[in-house]
Asker: 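Below is a structure I'd like to ask you about.
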Amino acid sequence: MMERWLMFLPVIQIFSLFEVHSQEPADTAMNLPPVNITSKYISNTVAGKKTDVIDSLRIEMNPSSTLSDLLQMHAAAIVKSYGPGSLSTLSLRGTSATHTDISWHGITLNQVSSGSIDFSLIPSQLFSGMSINRNGYNEDNYRPAVGGVVTLDNRNNYYPHNNILTSLTTGSHGLLSHFTRVNAGNSFIRTSTSIYFQENKNNYTYTDYSGKEKNLENAMVTGSGFMQDIYLDLERSGKFSYSVWYQDNQREVPGSMISNPGTSERFDKSLRSVMEWEKTGGNYTIMARQAYIIDWFRYSDIYIPSSLINSKVYLSTLQLTKKISKNFRLNSGLSNEFSKATGNNYEMNRDRNISSLYASFTGQMFEGRLNTSTIARIETDFIHDPVMLYSAGLTGKILPKLQSRISFTRTIHQPSFNDLYWVPGGNPGLKPEKAVSAETGLDYYIHGKTGKFTSVLSATMFSSSISDWIQWIPGEGFWSPENVTRVWSRGIESSCNIDIKFNSHSLALKIGYSYILSTNEESTMANDEALNKQLIYLPNHKATVQTDLQLKKWIFSAGSQFTGKSYVSSDNKYFLPDYFIMDLTINREIIDKKIKLNLLAGISNLFNEKYQVVQHYPMPGREFRLTLMCKLLN
Amino acid sequence: MKKFSIAICICLFAFTACKKDENETPAPLPKYGNGVFIINEGVFQSGTGTVSFYNKSNNVVEHDLFQQINGIPLGNVAQSLTQYGGRTYIVVNNSNKIEVVGAADFKSVGTIDGLVSPRYMTAVSGSKGYVSGWDNKVSIINLATLQISGYIDAGTGPEKMLLRDDYLFVLNQGGFDIDSTITVINTLTDAVVKTIQVFHKPTGITAQDDGTIWVMCSGRGWNGFPQPGDTPGHLISIDPQSLELETDLVFPDTDYHPEKLVIDKTSNTLYYNYPGGICRHEIGESTPDVTPFISHAGLFYALGYDPKDKVIYASDPLNYNQDGWVYRYRASDAAKIDSIRAGIIPGEFWFVD
């Protein structure tokens, strides 16, 4: 019994310290006086690092959004998007798209072929929240991530209450989106079943360079999928969970404003399944995880040969957690990742096996005022020498309201299959990219005496040096990836979160700002003017403001982002100008016994800003959407 | 006496004719004359092609002419440029069009639309031109109306073309695949008179003053990335009358492939790109040269020859995402003259007297 409470305590503590913003309208709203939970806990999270959370309210206020849409409103996330529904990748702290991992149930979803993942293919409604960690390790599987990890969480869907949620969204330019989730179960078994469908013509209007209004052509996207979670509490035999997620997307690929309208299409299908068993007894917890991922990709065009890639990944993890003392915990584990892929641009079937052994030591000292965590990991692909990786961090309370953080990390990123085996040009001799990072920060907490006002001010400085950076460079007639350059990324991230409760209302304000300098520090080419210049499509400045006002059954949300200019040539001669966009959403809730209805009306790009994120690819102007959401409660 | 008077009149007339008329002004030099157009492809899909002009008179380079003068970007992937009849035609490959501007001022005259992946253009008269395209066709253009008036089927990936008398020689390079033929078109009838079988991937074509046509066939494969089935390069000559192969010089190594071809007609010397730089071949030699005459780390991208100054132009696009360099070399002794900053991915040259 006591062990079960200990398992939940880290969840409660984390939310009270970092992101106190779960404003999901409750089934029966009751204002309780604040309660301080002071029992000690030992967190598995990596001390010394800043974790940001996108909570359920954000997801509920943007029901038809994708992960790409949500992350654009986060100051530390630089999203490179070709347009709604088009290829969208994420850069964290000045690194590349392949350096950002996306994690779900402890498995990394990045495709083995490209090494990255398209964030526009992930509907946010599947999840109850997500967290963003930078320059470190995946906290679920201790896998290193040079840029960072976005962890998708839908485990809250398991708890408590049986319910059915269904929503329908319609909007500008042919947007139609449907989502249904059924949660059911009891103390022994819980299931969560989700299905979704989305379609968008994306034929929005833009102004071309000669001043003419045109409609975007060849930009339709359709996607569908389902997710099934099963959770069994076997009591003395442990806990068992099984999750499977299938999605199927078809997208037309538009041309740019200065090229032909586009005759290409791409098809992406994924099947991801993960099984996990965990048993806790005495001072130990043992966990076993088995995952299987299939990705299928095809790119076709009437004028160029199609590209087709199938990949499969088998992941196995065995982990033992031992409580050494009441303050310290040791995790140790063994994992294996076997990947294989076939494609018409690989000469033959390709495979790779990566095994790793890791240990993590976490603890609390000085009556909980100092948290520490250390990770050591040794990883091998059985081709190169094994690599030793580590992370060490401290989070400590300097003053009652002031917390400081410091961490050092050494991570690597394995080359993708395209880097290794693409014909022509693939380079099987590529070494992993290596990164050494450091960050330090302060968090200042303010709590009103009545508990109705809370604020967190945070500032973080970081520096990361990535060597053996893989870059595709022109060779003698074709391009080939080489470990040619070193990138130095450094900057500042700051945020201010304010929560105010008054009567039965609340106001939440989140302000974020990031400044990133990420520059090429080495070159193998003579007369290379990219040396010491900012990487392309990485703005130096990004700022976001998110405001949520809840007045009884109404929620008014305003989200705005300012993105500074970004260079589009590596010598920094050419750039895209800065832009500012604002989105508004109004949510009206109606509860009648066991039925909760939400009607949401939203406007994106309120001021109809004309802007580009990728040069010559116009982003949409002002758009409208309407959502009806219905939740049947038990 | 009479003869003397006539002579005086003639002298006076001559004197008057030589006297400078204060109202006359000398004809202005063409703005884009005595120089080199550098056609910069730009980044595929997300960039715009540009045209730079290097003025040999004052060594000044003007960049992005089309946008500077006409106010809008040129389009995606500026592939090539040709001039005829007071006009300049810029083939914009991934925008499926040809922009037409005045040769003297670069101001827009019109646009030829409806093309599919156009690559190169050859004008045969003021009213007719041909455009090669990767729809495996040569489009016939009415240059008076700037409309497509017909199509001629070619091989796979028709690319560079050469006009000799009334015949148009079209290299079928292969596009995204590979080909080994040359389509010969009678420009008076628009009929294909012959498809000459040559060798894999013809990438360069030029001609001597006596009409002999030289073609560089690069061979199947990529430099430095040997694959089973690779074939060597061939430097061949074709008799323009019989349309038969006369000379076939085979390169010795299937791992290294020559590309492009330009000629110094006065010395009958050919130049081509080869791993390590630029090689030259004296017409008449029995084997092709594989030792670079001009050295360069890697492979040059564009290759051009200025016959007036006898200068070789070669481009290096660096990482294909920043302004590239154009290097100028003296053909006589390979001495480097200077380097010129161009636009992103300088891909072709057009020399203007």
Side-chain angles (χ1 to χ4, degrees), chain A residues 82 208-212 253-264 301-305 347 423-427 471-480 484-485 520 523-531 533 535-537 567-574 576 612-617, chain B residues 42-49 63 67 70-77 92-97 115-117 134-135 175-177 218 221-225 227-228 255-257 259 273-276 296-301 316-325 327 339 341 343-345:
Chain A
Y82 284 77
D208 74 6
Y209 293 116
S210 62
K212 290 181 196 162
V253 181
S256 69
M257 289 167 69
I258 56 170
S259 67
N260 61 74
T263 52
S264 306
D301 187 282
I302 59 176
Y303 296 115
I304 61 175
E347 274 180 303
V423 174
N427 182 357
Q471 194 171 42
W472 281 73
I473 58 173
E476 298 175 351
F478 60 91
W479 289 60
S480 183
V484 286
T485 191
N520 275 308
S523 175
T524 57
M525 290 181 287
N527 300 323
D528 186 359
E529 298 212 355
L531 202 55
K533 299 292 193 329
L535 300 187
I536 61 173
Y537 292 110
Y567 298 104
V568 297
S569 65
S570 53
D571 55 6
N572 289 179
K573 271 186 71 174
Y574 309 100
L576 287 173
Q612 299 169 8
V613 177
V614 177
Q615 192 181 29
H616 303 308
Y617 283 84
Chain B
V43 177
F44 180 65
Q45 289 285 33
S46 63
T48 181
H63 292 290
Q67 175 139 18
N70 298 292
I72 57 172
L74 177 57
N76 192 236
V77 185
V92 192
N93 167 249
N94 201 39
S95 294
N96 288 347
K97 65 175 181 176
L115 298 159
V116 176
S117 198
W134 280 11
D135 56 349
F176 292 106
D177 200 341
S218 298
W222 297 278
N223 281 308
F225 197 80
Q227 296 283 291
D255 290 353
Y256 299 104
H257 302 272
E259 291 183 3
N273 285 345
Y274 198 75
H296 181 70
L299 192 69
F300 280 119
Y301 192 62
D316 183 353
L318 297 174
N319 67 358
Y320 288 65
N321 205 291
Q322 61 179 287
D323 287 348
W325 288 95
Y327 300 103
S339 50
R341 204 73 213 264
I344 297 179
I345 314 178

Asker: Could you tell me which portion of A/V568 (side chain, backbone, both or neither) has an atom closer than 4.5 angstrom to a non-hydrogen atom of chain B?
Answerer: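 Contact with chain B: backbone only.
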Asker: Would you please name every residue forming a ring-ring contact (aromatic ring centres under 6.0 Å, His included) with A/Y82, sequence neighbours left out?
Answerer: A/Y617
Asker: Of all of A/P424, A/G425, A/A526, A/S256, which one pairs up most often with chain B through heavy atoms under 4.5 Å apart?
Answerer: A/P424
Asker: Any idea which heavy atoms bring A/A530 and B/N319 closest together, and the distance?
Answerer: CB-ND2, 4.3 Å
Asker: List the atom of B/R341, the atom of A/D571, and the distance in Å for their closest heavy-atom pair.
Answerer: NH2-OD2, 4.2 Å
Asker: Of the backbone (N, CA, C, O) and the side chain (C-beta and beyond), which part of A/I536 lies under 4.5 Å from a heavy atom of chain B, both, or neither?
Answerer: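 For A/I536, the contact with chain B is made by the side chain alone.
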Asker: Check each atom of A/Q612 against the heavy atoms of chain B and say whether the ones under 4.5 Å are side chain, backbone, both or neither.
Answerer: neither
Asker: Using non-hydrogen atoms only, which part of A/Y537 is less than 4.5 Å away from chain B: side chain, backbone, both, or neither?
Answerer: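 Only the side chain of A/Y537 comes within 4.5 Å of chain B.
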Asker: Which heavy-atom pair separates B/D323 from A/Y574 by the least distance, and what is that distance?
Answerer: OD1-OH, 2.9 Å
Asker: Under a 4.5 Å heavy-atom cut-off, does chain A meet the side chain of B/N321, its backbone, both or neither?
Answerer: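 Both parts, backbone and side chain.
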Asker: Does the side chain of B/Q322 come within less than 4.5 Å of A/D528's, by heavy atoms?
Answerer: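 They are in contact (side-chain heavy atoms under 4.5 Å apart), so the answer is yes.
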Asker: Less than 4.5 Å apart, side chain to side chain, heavy atoms only: is that true for A/Q615 and B/V43?
Answerer: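 A/Q615 vs B/V43: side chains apart.
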Asker: Do you know the tightest heavy-atom contact between A/S259 and B/S95?
Answerer: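 So the two residues come closest at CA-OG, 3.6 Å.
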Asker: How long is the gap from CG on A/N260 to CD on B/Q45, to the nearest 0.5 Å?
Answerer: 7.0 Å
Asker: For chain B, find which of A/G426, A/S569, A/S570, A/S210 contributes the most heavy-atom pairs closer than 4.5 angstrom.
Answerer: A/S570
Asker: Which region of B/V92, side chain (C-beta onward) or backbone (N, CA, C, O), has a non-hydrogen atom less than 4.5 Å from a non-hydrogen atom of chain A, or is it both or neither?
Answerer: neither
Asker: B/D316: which residues meet the side chain to side chain contact (heavy atoms under 4.5 Å, CB included) condition with it, sequence neighbours left out?
Answerer: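 Listed in chain order: B/H296, B/L318, B/Y327.
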Asker: Between B/Q227 and chain A, which part of the residue has a heavy atom less than 4.5 Å away: side chain, backbone, both or neither?
Answerer: side chain
